[in-house]
> 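Have a look at this one.
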Amino acid sequence: MDSRDLEALRGAIRCIPDYPKPGILFRDITTLLADAPMFQLAVTELARPWGDAGVERIAGIEARGFILGGAVAHRIGAGFVPIRKKGKLPHETVRMPYALEYGVDEIEMHRDALKPGEPVVLIDDLIATGGTAEAAVKLLRSLGAQVRAACFVIDLPELGGTRRLEALGVPVHTLVAFQGH
Ligand code: AMP
């Protein structure tokens, strides 16, 4: 991506201070999604490495990962697998806990969503501490998936999520980095 596209993409993301609570600078991608050329650019860039890479499934994390992941899956001709908050999927599931700031939550997938050995790319809008994505990688691996990479529009590098996923052996691709939280 050239520097003009990068700046345009960065400028399409709205930053909202103190949401959902004081001290958090929320990176809101609804403005990017509503802007047709920017949505197209983000999907093109997220999909770029995977066009001919034999990826059979894109796994997207609820909820913004569904929007981006669905579009990328369609672009590269892969299937889409949703990773959901617990209690939303109707068939037999597998679950993985992950830490929230206060307490623990769980994400889940259908047990039959993937076949062992299947190459998968994980997609979400943003990586912060990496806790959610780490749980998603573990969930995918628990079904035998081969997690080829994790891709995000936004990286918050100071929160260490990228390093955390790389320590698990998962390459990380991000489009735009913001300093701070
Ligand atoms: P983490 O597990 O800490 O990497 O957090 C990642 C998840 O939380 C993603 O699904 C993001 O959408 C959301 N998230 C975390 N921090 C922010 C932020 N500053 N702005 C927008 N979304 C965030």
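Heavy-atom basis, side chains included; hydrogens, waters and symmetry copies ignored. For ligands, and for the atoms within them, numbers begin at 1 and follow the listed sequence. In this text, all values refer to a predicted model and were calculated from it rather than measured experimentally.
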> Tell me yes or no: between the side chains of R64 and T30, is some donor less than 3.5 Å from an acceptor?
no
> Determine, for E108 against K86, whether the closest basic-nitrogen to carboxylate-oxygen distance falls under 4.0 angstrom.
no
> I24 to ligand 1: N or O pair under 3.5 Å?
no
> Under 4.0 Å, heavy-atom basis, I'd like to know which part of D124 is in contact with ligand 1: side chain, backbone, both or neither.
side chain
> Work out whether the distance between some heavy atom of G130 and some atom of ligand 1 is less than 4.0 Å.
yes
> How far is atom 12 (O) of ligand 1 from the closest protein heavy atom, and which atom is that?
D125 OD1, 2.8 Å
> Would you mind running through ligand 1 and noting each atom that sits below 4.0 Å from a heavy atom of T132?
1 (P), 2 (O), 5 (O), 6 (C), 7 (C)
> Sub-3.5 Å donor-acceptor pair from the side chain of R164 to the main-chain atoms of T129, do we have one?
yes
> From I58 CD1 over to I76 CD1, what is the distance, rounded to the nearest 0.5 angstrom?
4.0 Å
> At what distance is the nearest protein heavy atom to atom 19 (N) of ligand 1, and which residue and atom is it?
L25 O, 3.0 Å
> Which residue from T162, L165, I154, L126 reaches closest to atom 6 (C) of ligand 1 through any of its heavy atoms?
L126
> For atom 20 (N) of ligand 1, which protein heavy atom lies nearest, and how many Å away is it?
R27 N, 2.9 Å
> Work out which heavy atom in P119 is nearest to a heavy atom in R148; give both atom names and the distance.
CB-NH1, 3.6 Å
> What's the separation between atom CG in L114 and atom CG in L140, rounded to the nearest 0.5 Å?
6.0 Å
> What do you think, any protein heavy atom under 4.0 angstrom from atom 8 (O) of ligand 1?
no
> At a 4.0 Å threshold, what atoms of ligand 1 neighbour a non-hydrogen atom of T129?
1 (P), 2 (O), 3 (O), 4 (O)
> Judged by atom type as modelled, is there a donor-acceptor pair below 3.5 Å linking the side chain of E158 to the main-chain atoms of G180?
yes
